[in-house]
Amino acid sequence: MWMFLGSDCMLFGALITTYQVYKGKSASGPTPHEIFDIPFTSVSTFVLLMSSLAMVLALAEIQRGNMRGMRVWLTATAALGMVFLSGQFYEFTSFVNEGLTISTNLYGSSFYTLTGFHGTHVSIGVLWLLAIVAMSLRGKITPASALSVEIAGLYWHFVDVVWIVIFTVVYLIQ
Amino acid sequence: MAAITHPGAATPAVEPAVHAHPRSYPGLLSWIATVDHKRIGLLYGISAFVLFIIGGLEALIIRLQLAVPLNHVIEPDVYNQLFTMHGTTMIFLFVMPMSVAFFNYIVPLQIGARDVAFPRLNAFSYWVFLFGALLLNLSFLFNSAPDTGWYGYANLTEKPYAVGQRVDFWLLGLQVLGVASLAGAFNFLVTIVNMRCPGMSLMRMPLFTWNTLVTSILLVLAFPVITVALILLMFDRFFGTNFYVTSHNGDPLLWQHLFWMFGHPEVYILILPAMGIISEVLPVAARKPIFGYPFVVYATCGIAFLGFGVWSHHMFTVGMGPVATAFFATATMLIAIPTGVKIFNWIGTLWGGSIRFTLPFLFAIGFVSMFIIGGLSGVMHASPPVDSQHNDTYFVIAHFHYVLFGGSVFGIFAGLYYWFPKFSGRMLGETLGKIHFWLMLIGFNLTFFPQHFLGVDGMARRTWTYGPEQGFSGWFGNPALGWNLVSTIGAYIMAISILTFIINVVVVLRQPKTAPADPWDGATLEWAIPSPPHAYNFGSQTVVYGRDPLWMEKYTTQGIAEHGSWMPRGTIGVAEAEIEAHADGRDPGAHIHMPGQSFFPFITAAGLALMAVGMVSDWSKLADTQFSVLTFMGIAWILIGIFGWTQEPV
């Protein structure tokens, strides 16, 4: 998983670099300054951060052998992830309504590509976590499989860290 | 203290099998469901070789077209498709998968393991590669083979300028192949880090395994960058973004930076496996351990690390400005240092050795000499002013063919001759092998050395033909005679040499399996087991106490004392003898649990292929999306495959 995350770092690195390279170069169309709703996105970011906390608690539960506790916190993690994703969805639709689509200008293109890839990573993570919950309900996950939950946790924390970088670089530093 | 001990060799009464009988299918199905690294290695090797022939045929047609001025063997449009596919095929569909074939077969054997860390992921990598290769070559059937060069520069690849769907086939084929490469790289990284036998620290690993490790790290870090480059191109072509379109302030140079940020580590990915093979073959042929093992390791790591800092030497002529240009020139010249260190280590290995001129050794010497020539021409255009002369001429083609063919391909053949007995149980014929070597060496040099001259004379790359007045031909007053004709003749000599190799293989495969376990007096663990190995590789856990463990076992006094006699060449290992000796007549490996066969890697790979086909297909496009319904069927199929994969009992 660490190797995979290293690889994924390069992927997001290239996407973030593309965004940075094209910052301020859009020929026309809305600019970040006009579009972003920083308070809303901050709440979204906080939700994702809390999901990482829930993930940590889920891992602690399975390491203590408490399978029910693990399921509760994994579901909480997934739920918070889904809240984040709904926030993204709402944000994107409102941007589109304000005239920023993926093909409007360089800002739109690089922004949606970057955050779209991130959102896809979050969605895959949510599915993964729910799959673990489902397998646990069928008895396939035991305290002995704590490692597989830890690995899912690594992925989830990575996705969260990437969002923090995106939030800082794209939203906050304009 | 012996070099190799076999703890648990004194096995008590045989236990009944505690695992259910593993899944196993007959005949062809067993090949589709295989998860055995040796079988997957063979599949990769055979597929890669077939694609080598296809890429070679593409080259032969190119050379025929260029043999004389104003030739018209093929149309210019076909010519563009041929050189694009020749490059793409040779790099992505031959050298890389052939290297992976060796990684697959040899690395678990060298580290004393029974398989890789993720056997089903290994099979998945192969099937995804095969489907990617088929997708790319399928394009020929639709007159849609890519024609924009193997590096697809923007914005020639954008919709208004590129013909039809050629670029779509190219970018989807590469994305699919990228998945295969990444999956394989993760597998080998985890295998090498975690599954080495006791006593094999990193600095005691065979050098081929070291090179596999470093290549895998390069793959893992470089491929995501081309993935992004291709995604941006795909979004430009499908979703109306303008990442590379100048009219909307997009920058074609972004493509070049992203592509070469992948592209330069890629060329090290292409050469390091071959260097690993050479580091195995030369010590065994010289009967002397590699000279300066730690330096070879550090140099390899140095090459990989520095390789990420030189990418813009492919862009010296685009106008990056003096600072950037100077930086990349310096970094590029620096990278010659660790490469040179390795060459000196190889020379030092041979110096004072007792050399046997075996066939693998011939090809290894071919590698070293040809690679040096390629390296020298490379270092010439590391200088930007010189590169402004060389860029986009045949001089660059000469350079990279010397390092890629003279380097990687000679290295691959060295590995094929060296390990052929291990995986087939037969030795390749000496006479045919020598004919192959000399014809290939002569043909190769006839083909590419003159291209240095053509390059500095100004002959441009990627051009369908040339005029008789341009100075590239016209010897003795005859406009047809010139270096291009020599080069074409050389290419056909190379083709004959490859034919010789194929004949050698076909003839030898009809003979019985008489090769000994250790025909070359090898130093590493793969030579301690039968040729070909049992499905389970090693009978019991091996422990090593130093580098070149098999030499330690055979030739040190401790090794001899441990086993009571000097192990003659060809004797199977002690643990094997004990496994064979179980008197109850059962299959000796019956109590060894090996991973069961599985169809899910194939199924999931097929889903990925269907998704990619859907994205180039016009058939039944789903409203509101750009894509055929096949794309979504493919995605669903992948999810089903993954679900089955995770739920399957192991």
Side-chain angles (χ1 to χ4, degrees), chain A residues 1-29 31 96 100-114 116-118 120-121 123-124 127-128 130-132 134-135 138-141 145 147-148 151-152 162, chain B residues 117-118 121 178-179 181-183 185-194 213 216-236 238-251 253-255 257-259 261-262 265 308 639 642-643 646-647 649:
Chain A
M1 177 51 67
W2 284 110
M3 314 285 189
F4 174 77
L5 295 181
S7 187
D8 230 2
C9 261
M10 295 297 286
L11 187 99
F12 280 108
L15 287 170
I16 292 173
T17 307
T18 302
Y19 180 87
Q20 291 293 86
V21 160
Y22 283 147
K23 208 151 81 160
K25 296 237 168 74
S26 293
S28 60
T31 62
V96 166
L100 183 76
T101 67
I102 199 172
S103 52
T104 308
N105 56 12
L106 289 176
Y107 161 52
S109 303
S110 47
F111 172 77
Y112 284 116
T113 308
L114 172 60
F117 264 85
H118 176 262
T120 310
H121 277 75
S123 311
I124 293 173
L127 287 171
W128 187 350
L130 291 176
I132 299 179
M135 281 167 73
R138 285 162 55 205
K140 294 237 179 123
I141 306 279
S145 17
L147 181 63
S148 61
I151 289 174
V162 168
Chain B
F118 304 116
L121 191 67
V179 171
S181 290
L182 279 173
F186 291 131
N187 223 334
F188 292 115
L189 272 172
V190 176
T191 305
I192 294 173
V193 168
N194 284 329
L213 180 65
S216 300
I217 294 175
L218 281 173
L219 277 164
V220 156
L221 296 177
F223 254 93
V225 187
I226 193 180
T227 304
V228 169
L230 289 170
I231 284 169
L232 299 185
L233 179 62
M234 190 179 115
F235 280 22
D236 271 9
F238 285 101
F239 300 133
T241 57
N242 290 298
F243 287 109
Y244 305 125
V245 177
T246 31
S247 56
H248 288 79
N249 280 5
D251 191 358
L253 279 189
L254 178 66
W255 168 269
H257 279 291
L258 287 174
F259 182 83
M261 219 179 288
F262 151 80
F308 273 99
L639 290 172
I642 294 179
F643 179 75
T646 50
Q647 302 303 307

Exercise. What part of B/Ile217 lies closer than 4.5 angstrom to a heavy atom of chain A: side chain, backbone, both or neither?
Worked result: neither
Exercise. Under a 4.5 Å heavy-atom cut-off, does chain A meet the side chain of B/Ile231, its backbone, both or neither?
Worked result: side chain
For this session: Check whether B/Phe243 gets within reach of chain A through its side chain, its backbone, both or neither, counting any heavy atom under 4.5 Å.
Result: both
For this session: Evaluate the side-chain proximity of B/Phe186 to A/Ser7: yes if any heavy-atom separation is below 4.5 Å, no if none is.
Result: yes
Problem set entry | N/O donor-acceptor pair under 3.5 Å between B/Asn242 side chain and B/Val245 backbone | no
Exercise. Can you pull out the residues in residues 15-23 of chain A with any heavy atom less than 4.5 Å from chain B?
Worked result: A/Leu15, A/Thr18, A/Tyr22
Seminar exercise, completed: Counting heavy-atom pairs under 4.5 Å with chain B, the top scorer among A/Gly6, A/Gly13, A/Ser103 is A/Ser103
For this session: Using modelled atom types only, decide if a donor and an acceptor are shared between the side chain of A/His121 and the backbone of A/Phe117 within a distance under 3.5 Å.
Result: yes
Problem set entry | A/Phe12, part contacting chain B, at a heavy-atom distance under 4.5 Å | neither
Problem set entry | Per-residue contact mode, B/Leu221 against chain A (heavy atom under 4.5 angstrom) | both
Seminar exercise, completed: From the list A/Leu106, A/Asn105, A/Asp8, A/Thr101, the residue making the most non-hydrogen contacts under 4.5 Å with chain B is A/Leu106
Exercise. Got A/Val96 and A/Tyr112 here, is their nearest side-chain heavy-atom distance under 4.5 Å?
Worked result: yes
For this session: List the atom of B/Val225, the atom of A/Met10, and the distance in Å for their closest heavy-atom pair.
Result: CG2-CE, 3.9 Å
Exercise. In terms of heavy-atom proximity below 4.5 Å to chain A, should B/Leu219 be classed as side chain, backbone, both, or neither?
Worked result: neither
Exercise. Quick one: what part of B/Asp236 sits under 4.5 Å from any heavy atom of chain A, side chain, backbone, both or neither?
Worked result: neither
Exercise. For the side chain of B/Thr241 and the backbone of A/Ile102, is there at least one donor-acceptor N/O pair under 3.5 Å apart?
Worked result: no
For this session: Please round to the nearest 0.5 Å and tell me the distance separating atom CG of B/Leu121 and atom CG of B/Asn187.
Result: 5.0 Å
Seminar exercise, completed: Residues A/Gly108 and A/Leu100: closest non-hydrogen pair is CA-CD1, 3.7 Å
Exercise. Are any non-hydrogen side-chain atoms of B/Ile226 and B/Leu258 less than 4.5 angstrom apart?
Worked result: no
Problem set entry | Atom pair OG/CD1 of A/Ser148 and A/Ile132 - distance to nearest 0.5 Å | 5.5 Å
Problem set entry | Heavy-atom pairs under 4.5 Å with chain A, option from B/Asp251, B/Thr227, B/Thr646 with the top count | B/Asp251
Exercise. Any side-chain heavy-atom pair from A/Ile151 and A/Trp2 closer than 4.5 angstrom?
Worked result: no
